[in-house]
Every structure is written in C-alpha cells, then in structure tokens.
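Structure first, commentary second.
Chain A is the first sequence line, chain B the second, and so forth, proteins listed ahead of strands; every chain is numbered from 1.
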Protein chains: 2
Amino acid sequence: MATIKDVSKHAGVSPATVSRVLNNSELVVEKTRVKVMAAVEALGYRPNTLARAMASGRSGIVGMVVPEMSAPIHARFIGEAEKLFRQHRIQLIGASGHCDPEQERDAIEFLLQCRCDALILLVEAIDDGYLKQLANREANVVLLNRHVAGLESQCITLDNLQGSFTGASHLIELGHKRIGCITGPQNKQDARERFEGFQQALQQHQLIQNPAWCVEGEFTEASGYQAMAKLADQQLTAVFCGNDEMAFGALAYCRKHGIAVPEQISILGFDDLHFASYTFPALTTMHFPADTMAIAATEFLLSNCYNIETANSAPVMTYLPTLVSRDSVADISPVE
Amino acid sequence: MATIKDVSKHAGVSPATVSRVLNNSELVVEKTRVKVMAAVEALGYRPNTLARAMASGRSGIVGMVVPEMSAPIHARFIGEAEKLFRQHRIQLIGASGHCDPEQERDAIEFLLQCRCDALILLVEAIDDGYLKQLANREANVVLLNRHVAGLESQCITLDNLQGSFTGASHLIELGHKRIGCITGPQNKQDARERFEGFQQALQQHQLIQNPAWCVEGEFTEASGYQAMAKLADQQLTAVFCGNDEMAFGALAYCRKHGIAVPEQISILGFDDLHFASYTFPALTTMHFPADTMAIAATEFLLSNCYNIETANSAPVMTYLPTLVSRDSVADISPVE
DNA sequence: TTGTACGCGTTATCAC
DNA sequence: GTGATAACGCGTACAA
C-alpha cells in the first residue's frame, strides 16, 4: 500500500507538503494542492490511521464497553454512537464485559492498550475505586448507567428509581391494589433502583407489600416466565416487571396458562424494547431512551475530548423514563 | 503513560530485552524476565498496540461491516465474532453500511485506513467488482451472506433458496394450497433467493401462484403489517414471510383484525430471531444460524490470516436454514 | 543471552 | 509556501 513518501515523490514535493494538503492546512498554494491530490488519486493512497495516531498523539479511537454486544439494548447504544462518531471520522471500538469484574477490567485494559482517546463505559461489576482512578489518571471517561461519587460530571444515567416510581404509580392510579413485582437480579444497581422505586410508590399509597408477591428474576425471558409461575396464584391484579424481557416471559406464561392480559392481570415492563410493541397484548412499559443517551455520551466526548461542538454540546446527564401506554395494563378503578 | 524505554531503564536492561520478555521470547534468562516483569508492574506499563502494529506490520485489528449495528441479527454477528477474536487478543471493529453503496464503500475505506488485517463484510449494495478487487489486492476478506463469483472460497453464505423451499414445502405438506407470500425488497439478493425458493416449492407441487397473493415488503414489521392487510381478503390458508420481522407485523395485523393464527391462517417466518419464541402464537420459522456463521467467519480468519488453528479451522461455508416448529402454523391436511 | 540501531508512516518544528 | 528532520513506541536484524 502506497505511503505518504510514494505520494510525495509522485507529486514532486516533500512528504510534509503532502501531509499539509491532507490535513487541509491553509499554507498550501492551490497549484501544489492539485498536484498532490492527483498523486493521491493515481496511487490510491490511504492515510495510515495508525501512523497518524503515533505521530500526533491522538488515536481518533473511542472505546466502549457494554455487558453484551449482542443484547438489543446494548446494540442500540453502540449503533447510535458509532454512527455519530464516524461522521467525525472517529472510530468506535466495542468490547464486552459480561457483567464480570475481571472481564470488564480486561476489556478496559484492552481498549487502553489500543490508546483510545476516550472510553464510554457501561459496566456493572467493576468497583468504583478502579473507575475513579481510571477517570483521574488514564483517560477521558464517560460512565453510562452508573453513578460514581466524585465522577458526577461524567455520568450519564437513567433515573431508574423515578422511572419505576412513575410506572408503579400509574398502576395504582388505575385502581390496582394487589401489585406484584418481578425484579432484576439484586446484585445489579439498576435492578435495585427499579425495585426501590416500585416499593416507594406502594409505600406512598399505603398499599400492601407482601414478600410473596416479589420474585427476583435474572432480566431474561425464561426467568420472567418462572417468576410469573410463582406469582400466578397470588390473586394479583398487576405485575410490575424489572425489564421488558422478563415481562415477555411473564406474558408468555399467562398465555400458556389461559390468564388473560390485561383482563385478569396487568403487566408493566421497563425499557421499551423494539419488540414491546409487537407482543400480544402490546406491552405497556417505561421507555428507556437508550438512543438519546448514547448520543449524549457521544456528544459529550466530541465536545470534551475532541473539541468538536455539536448541536447539543452540553447534553443532559440524567434521563427520565417515560410511560408508554399500550395494551397490557387495564384500568380497574371503580366507575364514578 | 510509561513506554518500553521507561521499563527498560527501570529494570536496568535494554528496550529490546523488555520486548523479548513481553513477547515470550525463549531467549531470555529467568532472572532477567523477573526483573522486567517487576518493572512492568511498578510502572503500570501497557504495551502500545498502535506502535506495535506499526513496527510489526500487523495491526491485530479485524474490521466488520454490517448494514445496521443496532439490528438484532447483526448485533449477534458482531457479538459472537468479538467474543472469539478477543480471546486471541484481536480487536474487532465494526462499522455500518446502511445498505447503501456509498456508505458501504465509505465504511470499508475507513476500516482499510485503520489497517485492518482482515475484513468481514456483510454488505448488500456494493458491486461485485469492487469486492473482487478488494479481495485480490487490498486485504484478507470474508464475505457473509453474499455470493461473489470467483470468491467462493471466502463466502460464508446461507442457502436462502433451499431454506424457503423447505419452509414452503412444510406448509404444503401440512395441506396448505392457497399460500401467500410477503417478500423482502426484491433489490436485495437474499430477499430474491427466498422468494425464488418459495416459488419453486409451489411449482413443484403444482400449486396456484397468484400474483395477487405475493406482496413485497421492506423486511420491517410495519411493512409486514401493511402487506398482511392486502392479503387478508384473499382467502389464504397460509402466508410465507421473507423474514421474522415482517411475520411479526403480519401477526400483529391478524390480532388487530380478529384473524386467528393459526386456526384461520398460518404464518411462517424466516430468521428465527430471539423474539420469535415470544410472539403469540410463537412463530414457526426457518432458523438462520447467525451465531454459527459468525463463528465460522472468525475461525476462518483466525486460521487463514493469523495462523491460529481453532477447534474447527475449516469451517463450513454454506449453511442450511432449519425449520423450527412452534405454534403459528396449523396442520390442515385431510384426516386419513 | 543481551544491547545497538534502524525502520514502520505519519505529524510537527524548525529553517529556508 | 515549502522542505529537511526529529520525534512517536515498538519489533527485529545484527552485533557483541
């Protein structure tokens, strides 16, 4: 593959001049520029990003760690960020952390070796201390969906507590009193927050909180299905699910066992996955603005790390889930 | 960040020796190796992947282009490949082509500038000529889901035609005679192949092929929904869908309009997305082994580009979709 | 077994 | 405006 030297010889100028032309330096006379561009064309020259990074001290690479690249919600994060970054000729590289402290750490170390200019981290298992040290000494870091004390200005988070509070309140307003809950794994922060918001809503309305009505799932359909099996004979009128996938599982259980949703039982999800509108009944759920948050993280770095000002260079750092009403929740409040 | 020179000074050896230790060269005495490793630890040294790539002429980067990184099926491709590559300390970087020739080309050029050692391409719009030239001159290339004459040995494809033939035949064997079809966009190769297989199956069983029974969709739920609207009054007993997403749309239409699936009409999908088992009724569909194919592509490159032999270094290049029977297709064959 | 010196392809800092 | 030249951090012949 042709190098900058090849181009310079072909054009009869110095490598430095070629570099200037390629980097849109003003200090190049039109005639020279044309000559150089012609040589670039003729040789099919492609600047070497690696060499460029070495020389300039900027890699033009942003790394991103998500739990699982193949999970729909994470794919959305990556997809949106990649699209926006590439418009600015910045390469996003992804790595998966699998919610395991060692694997997350390994992923981060790996990205650091690639000399990423910045890191977008959606990590759950790794400890705060490591992240703080990372942010202070090693790299430009944005934390997604995680709150670390001292790093507030770099955390883009979803207000899970407020979101599930809103969701549970919606159920209550519709007349539901016997409300069950399928929570996510309680070793995860977001699952805990979502459970907490649910509990607070019930508490505020002085509703019964029966431990038998709360089952811990694993954020998967299968676990939602099994959780619903345990909840089925508790005479509940509604079930609040920690995420959509468990809600899908719960829905599947109800269909399988002839429990009509929402006539016999209402089901509320959380995340608003793409498929939520195609279940039967279509899932009422709390919308998680993943796209918006991915874009916010991207714009934050574009501005803070690359000095590129975008339409929205001071992105909002905390997002609120909004209720998306579909067909899986019934209004059972007494008729006036 | 510490460099190899810093480490060498700290350890009191030459940079070359540090390099040897880091690359597991045999020519290092144990005592030296310990000294060096201690220095590495002490300084928190991380080898610079970029510099390493420059010096060795190997970037250790594989690029991958998919139509849309946020689409579930593509996310699966990327996720699987990344997982396997990273075990071998190879970085996968993804870019989206959006099914547009210019954007696909741009994505490829961009990856080439990053000096990827190899490219995994899931591109639909770009022309064969460009790909051939690329494969012959520029890089190690694997084509996913695309057959290019002359590049057979580097194409990992799904036998769409055989798959839809199998699917349609299944419908026919179950007694269906009035079978409609919602095809994907006919400017896409896979959509055409799937339609072709469908037609061949009908032809072989001498069934009617009414043009009014075939509607072209766009591989999206919305288009499947609309297509089903056109098909609803054609007295069909089954509809073959070019992919699952359109089948989801068709399912949604049926529910909305009180058409019972599969009692009144059977629906068959194609792809076997994760979500297919959670629709109502659960979707009968043709399984697209995306995970397996992604792993095949990865192993192919591991072997052919990095000389790393894996469990399965001579992967199968053509895959056959298999029928996954769920609940959306009814047996209406006359009782014997 | 270890050290020296050069090259990888580019940018940046000087002179001219 | 343009051209030498020295970095950037590492791998690797070659020498010792």
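- A:Glu109 meets the side chain to side chain donor-acceptor pair (under 3.5 Å) test with A:Tyr130, B:Arg46; sequence neighbours excluded.
- Counting to the nearest Å, the C1' atom of C:dC8 and the CG atom of A:Asp6 are 13 Å from each other.
- Here B:Asp6 pairs with nothing under the salt bridge (Lys or Arg N to Asp or Glu O under 4.0 Å) rule; sequence neighbours left out.
- Considering only residues two or more places apart in sequence or on other chains, B:Ala294 meets the side-chain contact (heavy atoms from CB on, under 4.5 Å) condition with B:Phe77, B:Glu80.
- For B:Ser14, whose side chain is taken as the heavy atoms from C-beta onward, the closest listed nucleotide among C:dG3, C:dT2, C:dT11 is C:dG3.
- For A:Glu102, the CD atom counts as loosely surrounded, since its 6.0 Å shell holds 12 or fewer non-hydrogen atoms of other residues, nucleotides or ligands.
- Residues A:Arg20 and B:Thr17 both approach DNA chain C. Their nearest nucleotides, taken by heavy-atom distance, put B:Thr17 toward the 5′ side.
- With sequence neighbours left out, the side chain to side chain donor-acceptor pair (under 3.5 Å) criterion links A:Gln113 to no other residue.
- Whole-Å rounding puts the B:Ile4 CD1 to C:dC8 C1' distance at 15 Å.
- Residues forming a side chain to side chain donor-acceptor pair (under 3.5 Å) with B:Asn187 (at least two apart in sequence, or on another chain): none.
- B:Leu92 is not listed as a side-chain neighbour of B:Leu84, based on a closest heavy-atom distance of 4.5 Å or more.
- The footprint of chain A on DNA chain D, defined by a heavy-atom cutoff below 4.0 Å, extends from D:dG1 to D:dG9.
- Between A:Ser56 and C:dT11 there is no side-chain N or O to OP1 or OP2 distance below 4.0 Å.
- Annotation: side chain to side chain donor-acceptor pair (under 3.5 Å) contacts of B:Asp100 (sequence neighbours excluded): none.
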For residues 28-36 of chain A, which side-chain N or O atoms pair as donor and acceptor with protein atoms under 3.5 Å away, sequence neighbours left out?
none

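- One atom, CG of A:Asn24, and another, C1' of C:dT10, lie 16 Å apart when rounded to the nearest Å.
- If A:Gly12 and B:Thr3 are placed on DNA chain D by their nearest nucleotide, the residue sitting closer to the 5' end is A:Gly12.
- Among residues two or more places apart in sequence or in another chain, the salt bridge (Lys or Arg N to Asp or Glu O under 4.0 Å) test is passed with A:Arg137 by none.
- Non-hydrogen atoms lying under 4.0 Å from DNA chain D are contributed by A:Met54, A:Ala55, all within residues 39-55 of chain A.
- Sorted by first and then second residue, the side-chain hydrogen bond (donor to acceptor under 3.5 Å, both in side chains) pairs involving residues 63-75 of chain B (not counting sequence neighbours) are B:Glu68-B:His98.
- With axes fitted over five pairs at each extremity, the angle between the ends of the helix from C:dT1-D:dA16 to C:dC16-D:dG1 is 40° (10° resolution).
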